[in-house]
> 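Next up is a structure, given as structure tokens.
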Amino acid sequence: MPELRKDPITQEWVIIATERARRPSDFTHLTIAEPDKPEYSATCPFCPGKEGMTPSEVLAFRHGQDCNIADWWVRVVPNKFPALAIEGALNKRGNGMYDLMNGVGAHEVIIETPKHNLDPATFSLYQMSEVLWAYRERYLDLRKDSRFKYILIFRNHGKVAGASLEHPHSQLIATPMIPIDVVNELQGAERYFQYRDRCIWCDMIEQELEAQERIVKESEHFVAFEPFASKFPFETWLLPKTHQASFTDMTRERMMEFAGLMQDIFQRIAVCLNSPPYNFAIHTAPCGRENSDVFHWHMVVMPRLTIAAGFEMGTGIYINVTSPEAAAGYLRDASKSPDTESTDKVEVLA
Ligand SMILES: [Zn+2]
Ligand SMILES: [Zn+2]
Ligand SMILES: [Zn+2]
């Protein structure tokens, strides 16, 4: 019998279609195997030496003092084709019953490594933590801008997941409103908090750790599990075990630990599902609410194994063909891929 499950945070229902249960091997024909990429691509605007092909950088981790030259290991630039423009006033207005404002925001690209052929599953641990540190620095800079209400950091991996350039990169979009998915989470978490005086994610983590059946992996301060009402097969959440509203509150040491858990999860997904396309997003507290008792930051990883069709588009109810309990089991059993980049920063630059 299929099961309807309700997300306790957003109240959304999902269908866990156990009768159509899919194993990892059922998905591997859907994943688009990307041919072996070279370490450097002469046509790629994000490869080192091509700094003039991007807008001028807003942040770079590099050895020297000069900007826009090829001695960086993480580089952040404005998106050449931004979804929202950085200059200008919002000019909020109405047209009869319709509300509108100017498309003001920030849209940046975090170029995660000089090497064209790596990804979060194959970065060195140091490189992964530097990428997270770049996210943090950009977040802290942009939140000073009072026009911005939310800053979303996300990654599209593979063409199917929306990546138009293959060089490893993630993106940041600062918006002048709180996105509706975050509003829904916030409202659900506030309802729960009013009733129980506790953070819903803290309670969820405690219950998941107790039950263990949906846990994929934990480290000392972080945990990764498949949510009870997963919308997608192998949807995975990564969270700090103790309450923290904003991911920018992580210390350098914690960020290194989180980078390790992230890589462990991406390696398991790569091994288990044959390097599928995926998206991830960091849901952190809205700007100005970084000390919230109600919101608990989390990273959501969404492998793109199925396509939302008429029912999902028509109702918002997702049909998930792999139960989160089964997905957690497959990911726990997946052994880590050993071939990560062994280099540290110094060797990368040599
Ligand atoms: Zn490249
Ligand atoms: Zn919490
Ligand atoms: Zn979320």
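All values derive from a computational prediction rather than experimental measurement. As the structure lists them, so they are numbered: ligands from 1, and atoms in each ligand from 1.
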> Check all N, O or S atoms of H116 and name the one closest to the Zn ion (ligand 1).
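Closest N, O or S atom of H116 to the Zn ion (ligand 1): ND1.
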> So Y278 and H157, would you call those rings parallel, tilted or perpendicular, with 30° and 60° as cut-offs?
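Correct class here is parallel.
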> For the residue pair F154 and H107, categorise the inter-ring angle as parallel (less than 30°), tilted (30 to 60°) or perpendicular (more than 60°).
tilted
> Can you name the N, O or S atom of H243 that is closest to the Zn ion (ligand 2)?
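This turns out to be ND1.
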> What is the ring orientation for Y318 with F232, classed by angle as parallel under 30°, tilted 30 to 60°, or perpendicular over 60°?
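The arrangement is perpendicular - the two ring planes meet at more than 60°.
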> Looking at the Zn ion (ligand 1), which N/O/S atom of H167 is the nearest one?
ND1
> Under the 3.5 angstrom rule, does the side chain of T284 hit a backbone N or O of F247 as a donor-acceptor pair?
yes
> Verify, without hydrogens or angle tests, whether T315 (side chain) and F311 (backbone) share a donor-acceptor contact under 3.5 angstrom.
yes
> Hey, which N, O or S atom on H298 ends up closest to the Zn ion (ligand 3)?
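Considering only N, O and S atoms, H298 comes nearest to the Zn ion (ligand 3) through NE2.
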> Provide the atom name of the closest N, O or S atom of H283 relative to the Zn ion (ligand 3).
ND1
> Could you tell me which N, O or S atom of H296 is nearest to the Zn ion (ligand 2)?
ND1
> Suppose you place the vertex at the Zn ion (ligand 2); what is the angle out to C202 SG and C199 SG, to 10°?
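The two atoms subtend 110° at the Zn ion (ligand 2).
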> Any N/O/S atom, side chain or main chain, of E185 closer to the Zn ion (ligand 3) than 2.8 Å?
yes
> Does CG in L4 sit with more than 12 non-hydrogen atoms of other residues, nucleotides or ligands closer than 6.0 Å?
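Counting other residues, nucleotides and ligands, CG of L4 exceeds 12 neighbours.
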